[in-house]
K.L.:
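One structure follows; several queries about it will come next.
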Amino acid sequence: MEIDNPPPTEKPATTLPAKPNFQPLKAHEISDGQVQFRKVTVPQHRYTPLKKAWLEIYNPIYEQMKIDIRMNLKKRRVELKTRPDTPDISNLQKSADFVHAFMLGFDTCDAVALLRLDELYVDSFEIKDVKTLRGEHLSRAIGRLSGKGGKTKFAIENATKTRIVIADTKIHILGSFTNIKIARDSLCSLIMGSPAGKVYSKLRSVTARLNEMF
């Protein structure tokens, strides 16, 4: 006598749990109601430019970001702290990055973009990190980075949509992550001794490929 196998029972469809809906935290909830501080040291050579551009730095931080700011003359540093009406705790770090970028040598009109855009960063490196150069070789490398009348530096800035500051042997780049990498690669090629024409042609091909992607 043959026994028919019972038909397989269908498993009930599993329903996924509903996604949690978290409300955005407020500044006082993130910091437990405590006041948050940031301190940015002022280098000796940036003290005079800071005095001249103080209002350009003070107004967007105090009025737009709702962050208290003051200059500590005794300790030579800019001090920032949150206020009860600070809308977002991240405004404090954005303001500190803005002041730090100014101390590195960027113009206020360029550095203020750090307050308005989230995808901007500042990357710094030294010439000796790329290649060990001394004496006249170091001077020639710095000359290749700038070009005649700053022509090379301006060309890299315009092609990569970045801002570059060459301060002695230190180089600072302000821009998005991808654009900083392209600008840094071009500057490193110049430091290694590549002629400017070769760097320009490679820069054009890379930026054209980047524009096609976006």
Side-chain angles (χ1 to χ4, degrees), residues 24-130 138 142 145-146 150 153-154 156-157 160-177 179-181 183-184 187:
L25 294 176
K26 297 180 181 179
H28 69 274
E29 294 174 337
I30 298 175
S31 59
D32 294 330
Q34 297 179 358
V35 178
Q36 300 289 314
F37 292 91
R38 292 291 185 279
K39 299 169 185 176
V40 181
T41 305
V42 181
Q44 185 67 33
H45 67 283
R46 296 299 290 172
Y47 190 67
T48 301
L50 177 64
K51 288 172 65 177
K52 294 180 180 178
W54 178 251
L55 286 179
E56 299 175 25
I57 296 172
Y58 177 86
N59 288 334
I61 290 178
Y62 184 80
E63 297 176 1
Q64 299 172 20
M65 307 302 284
K66 307 295 184 183
I67 298 291
D68 281 339
I69 175 174
R70 74 172 184 177
M71 176 65 193
N72 190 326
L73 295 174
K74 186 177 180 180
K75 297 184 178 179
R76 288 287 180 97
R77 66 189 184 193
V78 177
E79 298 176 345
L80 306 150
K81 74 170 185 176
T82 55
R83 291 161 33 190
D85 60 338
T86 302
D88 192 345
I89 195 67
S90 65
N91 287 5
L92 179 62
Q93 187 59 48
K94 288 182 180 179
S95 302
D97 292 340
F98 167 49
V99 177
H100 179 65
F102 178 81
M103 300 307 169
L104 293 177
F106 293 99
D107 293 335
T108 51
C109 56
D110 296 329
V112 76
L114 288 165
L115 299 178
R116 298 167 183 166
L117 300 173
D118 293 331
E119 298 83 12
L120 292 186
Y121 309 92
V122 176
D123 185 32
S124 302
F125 66 97
E126 293 193 41
I127 293 177
K128 68 179 181 181
D129 297 335
V130 182
L138 180 59
I142 296 173
L145 294 175
S146 297
K153 183 173 81 78
F154 293 145
I156 296 174
E157 285 180 337
T160 59
K161 298 177 183 176
T162 57
R163 286 293 179 266
I164 300 170
V165 170
I166 302 174
D168 197 15
T169 61
K170 294 183 180 180
I171 301 168
H172 312 290
I173 309 173
L174 169 64
S176 65
F177 180 81
N179 293 341
I180 285 177
K181 185 180 183 303
R184 188 174 60 235
L187 293 170

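Just the heavy atoms: all of them, side chains too, but no hydrogens, waters or symmetry mates, feed the values below.
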K.L.:
State, yes or no, whether a side-chain contact exists between V42 and M103 at a heavy-atom distance under 4.5 Å.
P.N.:
yes
K.L.:
For atom CD of Q44, decide whether the heavy atoms of other residues, nucleotides or ligands shown that lie under 6.0 angstrom number more than 12.
P.N.:
no
K.L.:
Would the number of heavy atoms belonging to other residues, nucleotides or ligands and lying under 6.0 Å from NE2 of H172 be above 12?
P.N.:
yes
K.L.:
So, the side chain of N72 versus the backbone of K74: is there a donor-acceptor pair under 3.5 Å, distance only?
P.N.:
yes
K.L.:
Identify, with sequence neighbours excluded, every residue that meets side chain to side chain donor-acceptor pair (under 3.5 Å) alongside K39.
P.N.:
none
K.L.:
Check S124 against L104 and note the closest heavy-atom contact, atom names and distance.
P.N.:
OG-CD1, 4.2 Å
K.L.:
Can you name the closest pair of heavy atoms from I166 and S146 and give their distance?
P.N.:
CD1-OG, 3.7 Å
K.L.:
Quick one: CD1 on I57 to CE on M71, what's the gap to the nearest 0.5 Å?
P.N.:
10.0 Å
K.L.:
Write down the atom of R46, the atom of F102, and the distance for their closest heavy-atom approach.
P.N.:
NH2-O, 2.8 Å
K.L.:
How close do Q36 and I89 get, heavy atom to heavy atom, and via which atoms?
P.N.:
CG-CD1, 3.7 Å
K.L.:
Among V165, D107, T162, L114, find the residue that satisfies the side chain to side chain contact (heavy atoms under 4.5 Å, CB included) test when tested with L174.
P.N.:
L114
K.L.:
Of all heavy-atom pairs between F98 and P60, which one has the smallest distance, and what is that distance?
P.N.:
CE2-CG, 4.3 Å
K.L.:
Cation-pi check, R83 to Y62: give yes when NZ or CZ is under 6.0 Å from the six-membered ring centre and within 45° of the ring axis, no otherwise.
P.N.:
yes
K.L.:
Using every non-hydrogen atom in the two residues, find where A183 and I173 come nearest and quote the distance to one decimal.
P.N.:
CB-CG2, 4.2 Å
K.L.:
Is D88 salt-bridged to K66, going by a charged N under 4.0 Å from an acidic O?
P.N.:
no
K.L.:
Taking only residues two or more places apart in sequence, or in another chain, which ones meet D129 in a side chain to side chain donor-acceptor pair (under 3.5 Å)?
P.N.:
none
K.L.:
Is any side-chain heavy atom of I164 less than 4.5 Å from a side-chain heavy atom of L187?
P.N.:
yes
K.L.:
Just by distance, do the side chain of E119 and the backbone of F177 share a donor-acceptor pair under 3.5 Å?
P.N.:
no
K.L.:
Is there a donor-acceptor contact under 3.5 Å from the side chain of N179 to the main chain of T160?
P.N.:
yes
